[in-house]
Every structure is written in structure tokens, then in C-alpha cells.
Amino acid sequence: MDYFRYVKGRLHAEDVPVEDLIEEYGTPLYVYSHRTLERHLEAYSSAFREIPHILCFAAKANSNGAILRLIARRGGGADIVSGGELYRALRVGIPPAKIVYAGVGKTDEEIRYALGKRILMFNVESGQELERINAIAAQMNVTAPVALRINPDIDPETHPYISTGLRKHKFGIPIENALQYYRLAKRLGNIEIIGVHKHIGSQITKVTPFVDALQRMLVLVESLKAEGIDLRYLDIGGGLGIQYNDETPPHPRELAGKLLPILKGQDITIIMEPGRSIAGNAGILLTKVLYLKRGDDREFVIVDAGMNDLMRPTLYDAYHHIAPVRKNRRRKIVADIVGPVCESGDFLARGREINRIEQGEYLAVMSAGAYGFSMSSNYNSRPRPAEVLVRDSEHYVIRKRETYRDLVRGEVIPDFLQ
Ligand code: LLP
């Protein structure tokens, strides 16, 4: 459910016609709806109200400072995977006590930074990482709070590139070795074991994989208890899917409906790390039709947003709905909607049926609020789009469009080439 809809045939973001935004800010343009973000956050907090929980927004889904600030203001935390994300989260006032840090490749500098800031916990992904964190904590004379990220070997039945919780994946510690690693952690003098973590994948559209994974984790929690290791936090990761096309993903309420009965009576705080289900349908990408061209067997609609702005279609063959900014009743065409980048893989949609569109008109790429801007690049030396946040009838630039000067910032020409 989101707040992008047509009013008298014109696409609106909340109460603002997106044509007004285009006129003011140009294209390509990311537009986010404040009301939608709030609604999605509220859906989680009311669904899980009955049990102690912390919502740690997955900053990788959308790391814009204004969006993270909104999360902070709503009492949320952050799931981070790099020093850069830690910096972004702290900068906008997300409390360190609500920051959890995952990722298989944390560097010494990143570990030091996070320890110094006293984050809630490290979600540790290997034995060597555990030992490294212990050694750095010892040097700093602090204790590192950790959870082990357990790979529960559950198939989330999603796209293979965004599935993470199977034995073959690089993430986490295989569940059958979990006890052994917890024992190792217990022996390390500068590690405090406080939790357990799992994340099985993304864009999961069924509840069952979440239930199965949680049950496996709770068995582990019990065995740890028997060994005298009492956990305070159970981090169930993110991964709840959204509707891009005809998926029917569960509402957080349905997820909670299945998870809460299993969790009741557990004296443990739940951490959740949703990303896509908070931001995905809260953002769209607006783009201008530059040219139309007839290919041998298809039509090309060439637009000014490319794979560098939104990588998901080419990277995962992901479906994003494409809607005209102004509704029309023209005849249908089947087209490839492609960007200006010099790659055949530069498309936003292929073989898509849309109403005929004319040069100079605008299209909206829907469901682009998560893993859209955050995965964008400057490939082909294309400045990245501006980002705008709409709140009711107001709109705010939350990231300026990049300039050519931004493109070369940091580049140095050595003296011998002067
Ligand atoms: N927690 C951890 C440890 C993660 O690795 C992720 C996502 C999340 C939470 C958030 O998952 P979400 O609720 O957003 O599904 N670029 C891909 C998605 C990659 C997801 C990576 N990890 C895409 O555009 O579909």
C-alpha cells in the first residue's frame, strides 16, 4: 500500500502531482512518500507491539540521510554492513544502542570504529572474524557485544542472487556448527555473547520460511541455555517481500501472527531488519521519454534513466511496474524501455505492454525506493539523480542532483602528466 496514485489522470505522490516535481527538479528523479514510509514503519511496530523488539532498518536498502533520520525519529535503529553505513546512521542520530552490524568482510578499521561507538552488537559471520573482533576489543580494552549469524539452511524461495540462508551461501555459520562457535566465543576474554542472528534472503513472499528458520533458531537458543549461555537478543533479519507485480507478500501483521505465538514466553528481545518492505514501495523513479525507435521485431522507448540509476532490472531481471505520469487511452504497444547507457543490458523493462507513449512525455518506474538509489552508480559518467521527499503537499530535496564537477571530485592528475 502506498501513496502514489492518479488524481484526474495525473500521477501524484501524496498530494503533489509528480509533473510539478519534474518541472522543478528535472529527470531522472527519485521521489519518496513520507506517509508511505511512516505507514510501513507503523505496520511493523503495531504488529510486533506485544513483544519487546527493535526495528533496525536495513540501511543498504536506502541510505539517504533524510530517510534514516525519519527512522531515527520514529525510534528505529539500523542494520548496517559497513563503516560507511555506520557513519551515515550516526550522523543522523540513530542511537548506537540500536545499531547491529552484519557482513562477512568487516575490516579492522570498521571493527575499531564500531567498537569505539558502542553499537548494540556485531553479527559475526565466521570464526576468524570472532577472533579478530576479540583481539581488537582487547587492544581497546573494551568488551565486544556479539551475536553469531547462523545460517539455518532454509530455502527462502526467492531469486538466487538475493537468497542467503542456504548452506552453499557465504553468509553466517552453519547451524550444525553453531554450538562449537558459541563455545569458542565464550572462551574469548573480550567477547560478550548477547544474541543470535539470521537472515535468509530478500523479497520472500511466504511466511513459512520465516517460521521454519525461527523454529530452528529457537532450538539453538534452548541448547545454548543448557550450556549456561543466555541470549538477550534474537535477530530475525529482514527479507519480507513487497508487491512489484502480481506477488502477494504477507503483511507484517501476518508475519507477526505466525511468529508471535512461537516467541511468546521467550525472555528475549526481537530485532528485525526490514529494508525493502519499508522503503521499496515508498519510492518511484521518474524518467523522460527521449526517443522512440522501431527495432526489427520490437519497439524501443529510450528514456533518460538508465541501469546506473536503477540496476535491479538488468542485475536480477527484476520487474518494476512502469506507469505513465499522465494516464492515456492510447493503443497498447509492446516495448523495451531502455536507458541511454552503452550496454545492451541497459533496460528498465523488456517486452512490456504499455500504452503508446510519445517523445517528451514521462514515465514512472514504480517500487524503486529500496535498492534503487543505493545501488546506483556513475557509469558512463552520468551524474546521479536528485532525490525528493514528499510530505502531504510539500516537497523537499533530500539529495541534490549530482553535477559534472561531482563526477571528478577526488581525481588527481599526476605532475608528470601536467
Ligand atoms: N539484514 C541483512 C543481514 C541483509 O543482508 C539484508 C539484505 C537485510 C537485512 C534487508 O533485507 P530486505 O528486508 O530488504 O529484504 N539488492 C537486492 C537485495 C539485496 C539484499 C541484501 N541483504 C535487490 O535489489 O533485490
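Just so you know, ligand 1 is whichever comes first in the structure, and atom 1 is the first atom listed for that ligand.
Residue F171 does not touch ligand 1, judged by heavy-atom distances below 4.0 Å. The parts of S202 lying near ligand 1 are both backbone and side chain, judged by heavy-atom distances below 4.0 Å. Only the side chain of R312 comes within contact range of ligand 1, with a heavy atom under 4.0 Å; no backbone atom does. Only the side chain of H199 comes within contact range of ligand 1, with a heavy atom under 4.0 Å; no backbone atom does.
Close to ligand 1: G239, with a non-hydrogen atom less than 4.0 angstrom away. In this structure, P274 counts as a contact residue of ligand 1, since one of its heavy atoms falls inside 4.0 Å of the ligand. Ligand 1 has no atom lying under 4.0 Å from any heavy atom of M311.
In this structure, a donor-acceptor pair under 3.5 Å is present between the side chains of R382 and N308.
Every atom of ligand 1 with a heavy atom of E273 under 4.0 Å away is listed here by number and element: 1 (N), 2 (C), 3 (C), 8 (C), 9 (C), 10 (C), 13 (O).
Aromatic rings of H197 and Y233 (six-membered ring for Trp) have centroids beyond the 6.0 Å cut-off, not under it. Note: H321 and Y244 fail the aromatic proximity criterion, with ring centroids not under 6.0 Å apart.
For a threshold of 3.5 Å applied to N or O pairs, the pair formed by R149 and ligand 1 contains no separation below that value.
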Dump the intermediate steps for side-chain hydrogen bond (donor to acceptor under 3.5 Å, both in side chains) on T287 and D304, then the final yes or no.
-> CA-CA 6 Å; T287 186; D304 69 353; 2.6 Å; yes
